[in-house]
Number of protein chains: 2
Amino acid sequence: MQPQIEAEVSERLRGTGLRLTPGRRRVVAALTDAGGPRTAAEIHAHLRRRIPLSSLYRSLAVLEESGVLASHHGSGPQRKYELAEWLRGHHHHLVCLGCGRIEDVELDDQAERTLHGLAGEVAAGSGYAASGHRLEIEGLCGGCG
Amino acid sequence: MQPQIEAEVSERLRGTGLRLTPGRRRVVAALTDAGGPRTAAEIHAHLRRRIPLSSLYRSLAVLEESGVLASHHGSGPQRKYELAEWLRGHHHHLVCLGCGRIEDVELDDQAERTLHGLAGEVAAGSGYAASGHRLEIEGLCGGCG
DNA sequence: TTCCTTGCAAACGATTTGCATTGGA
DNA sequence: TCCAATGCAAATCGTTTGCAAGGAA
């Protein structure tokens with residue numbers, strides 16, 4: 001995990017009296033390396049099972065409550081975790097319908113502005129005040145195509 | 001549920017030797033009325049609990065396997081079901097961060113073309129062949145804003 | 001009569017929690 | 001010393017399944 005991320009996470013946790021322990025550091029590092037959202041089981045495997053699942057889930061919960069991680073469900077029954085946008089940067093997801101792989105992608109500035117504007121207009125049309133948007137692009141990855 | 005939807009669903013089920021039973025019809029009707037994706041528990045409540053949960057889940061599974069429904073997870077732990085696009089039409093979702101409400105929205109043709117093109121380009125840039133896209137717009141609804 | 005469908009209860013997988021212990025500041 | 005963090009086991013929640021009874025074609 002990059003040192004600046006580690007420092008930011010540590011500071012964020014300290015703000016509520018929490019600690020960036022070795023276990024939590026490894027969880028954040030695993031997600032920093034991942035390149036996309038990952039399930040608890042995937043993180044657990046990546047860490048070579050050196051953390052009990054219950055502790056891993058507790059770390060994930062603490063990190064999510066602290067705003068370090070964000071989670072959502074994909075198509076499967078397991079929750080997927082990723083670094084929050086303020087750490088990872090704004091991005092979207094490519095979902096391979098063949099192998100289930102999910103990958104982060106960033107839009108170039110112009111495309112992002114277009115999307116942002118479009119989302120704001122659509123929301124306003126239904127009486128919503130838009131604050132964010134998420135795009136999932138489904139298709140076949142290079143290996144499955 | 002609109003008669004044409006009922007007929008299409010019935011025919012789709014018959015194609016694999018399945019039946020559109022009263023229970024299944026009520027499930028489809030509940031989702032036709034809903035205006036957005038709903039969890040099994042929400043559908044169950046809407047049907048006044050007149051169907052055991054296990055039967056409801058079985059109906060949902062059959063309807064999804066037959067391509068009548070699609071399901072995905074949102075931010076919560078429960079799966080959400082909605083009519084498949086060939087019945088409901090292509091659309092996106094507005095998510096209220098205040099009350100959790102999720103609503104369908106349709107883009108106008110131009111916006112949809114823009115989004116479609118953008119998704120295709122982004123996917124190609126990562127070696128993916130795009131076949132679909134899903135946009136979730138987060139914000140505050142009229143009541144929560 | 002055949003096979004789909006339903007209801008009930010039990011099973012299941014993912015995630016959470018109680019409790020006692022460990023360990024950092 | 002105090003409170004957060006951990007490990008283990010048990011509990012919980014949403015969902016699925018086995019099995020026997022009911023019902024349509």
Side-chain angles (χ1 to χ4, degrees), chain A residues 6 9-31 37-66 68-82 100, chain B residues 6 9-31 37-66 68-82 100:
Chain A
E6 180 163 335
V9 170
S10 178
E11 186 178 353
R12 164 80 65 137
L13 288 171
R14 277 181 204 292
T16 38
L18 302 172
R19 304 170 195 152
L20 180 55
T21 60
R24 291 174 186 172
R25 181 176 290 116
R26 295 211 312 244
V27 170
V28 175
L31 286 171
R38 295 290 180 267
T39 65
E42 287 166 344
I43 298 168
H44 194 226
H46 186 81
L47 298 180
R48 306 265 213 56
R49 300 186 160 63
R50 280 195 295 249
I51 289 181
L53 263 179
S54 66
S55 296
L56 172 55
Y57 276 114
R58 257 198 268 248
S59 291
L60 290 168
V62 164
L63 292 167
E64 186 173 11
E65 281 160 27
S66 304
V68 172
L69 302 183
S71 82
H72 60 87
H73 288 256
S75 48
Q78 310 102 326
R79 189 170 293 207
K80 292 186 187 259
Y81 296 85
E82 62 184 344
Chain B
E6 178 162 337
V9 169
S10 178
E11 187 178 350
R12 165 80 66 132
L13 287 171
R14 276 182 206 293
T16 38
L18 302 171
R19 303 169 196 153
L20 180 55
T21 61
R24 292 173 186 171
R25 181 177 290 118
R26 295 210 314 241
V27 170
V28 174
L31 287 170
R38 295 291 180 266
T39 64
E42 287 167 343
I43 298 167
H44 192 225
H46 186 82
L47 297 181
R48 305 265 212 57
R49 301 187 158 62
R50 281 194 296 249
I51 288 181
L53 262 178
S54 67
S55 296
L56 173 55
Y57 277 112
R58 257 197 270 245
S59 291
L60 291 168
V62 164
L63 291 168
E64 186 173 11
E65 280 158 29
S66 304
V68 172
L69 303 183
S71 81
H72 59 88
H73 287 256
S75 47
Q78 310 103 326
R79 190 169 293 209
K80 292 185 188 259
Y81 297 84
E82 60 185 345

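When reading the values below, keep in mind they use all heavy atoms of this one structure, side chains included, and skip hydrogens, waters and symmetry mates. Letters go in sequence order (proteins before strands), and every chain restarts at 1.
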For D/dT15, does OP1 or OP2 lie under 4.0 Å from any side-chain N or O of B/R79?
-> no
Expressed as a whole number of angstroms, how long is the span from [X]:[atom1] to [N]:[atom2]?
X	N	atom1	atom2	result
B/L20	C/dT5	CG	C1'	13 Å
A/E65	C/dT15	CD	C1'	14 Å
A/R24	C/dG23	CZ	C1'	13 Å
B/Q78	C/dT15	CD	C1'	13 Å
A/I51	C/dT15	CD1	C1'	16 Å
B/L53	C/dA9	CG	P	13 Å
A/R50	D/dC8	CZ	C1'	20 Å
A/H73	C/dA14	NE2	P	12 Å

How many angstroms lie between atom [atom1] of [X] and atom [atom2] of [Y], to the nearest 0.5 angstrom?
X	Y	atom1	atom2	result
A/R24	A/E6	CZ	CD	14.0 Å
A/I43	A/S59	CD1	OG	10.0 Å
B/L63	B/L20	CG	CG	8.0 Å
A/E11	A/S66	CD	OG	13.0 Å
B/R79	B/T39	CZ	OG1	12.5 Å
B/Y81	B/L60	OH	CG	5.0 Å

List, with names and distances, any nitrogen or oxygen atoms from the protein found under 3.5 Å away from nitrogen or oxygen atoms belonging to nucleotides 17-25 of chain D.
| unit_1 | atom_1 | unit_2 | atom_2 | d |
| --- | --- | --- | --- | --- |
| D/dG18 | O6 | B/R58 | NH2 | 2.5 |

Residues from residues 37-49 of chain A lying under 4.0 Å of DNA chain D - heavy atoms =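 Within this stretch, nothing sits under 4.0 Å of the strand.
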Does atom CZ of B/R50 have more than 12 heavy-atom neighbours, drawn from other residues, nucleotides or ligands, at distances under 6.0 Å?
-> yes
B/L47 versus B/A30, closest heavy-atom pair with distance =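 Result for this residue pair: CD2-CB, 4.2 Å.
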Contact check, side chains of A/H73 and B/Q78, non-hydrogen atoms, under 4.5 Å = no
Between B/L56 and B/T16, whichever has its closest DNA chain C nucleotide further toward 5' is B/T16
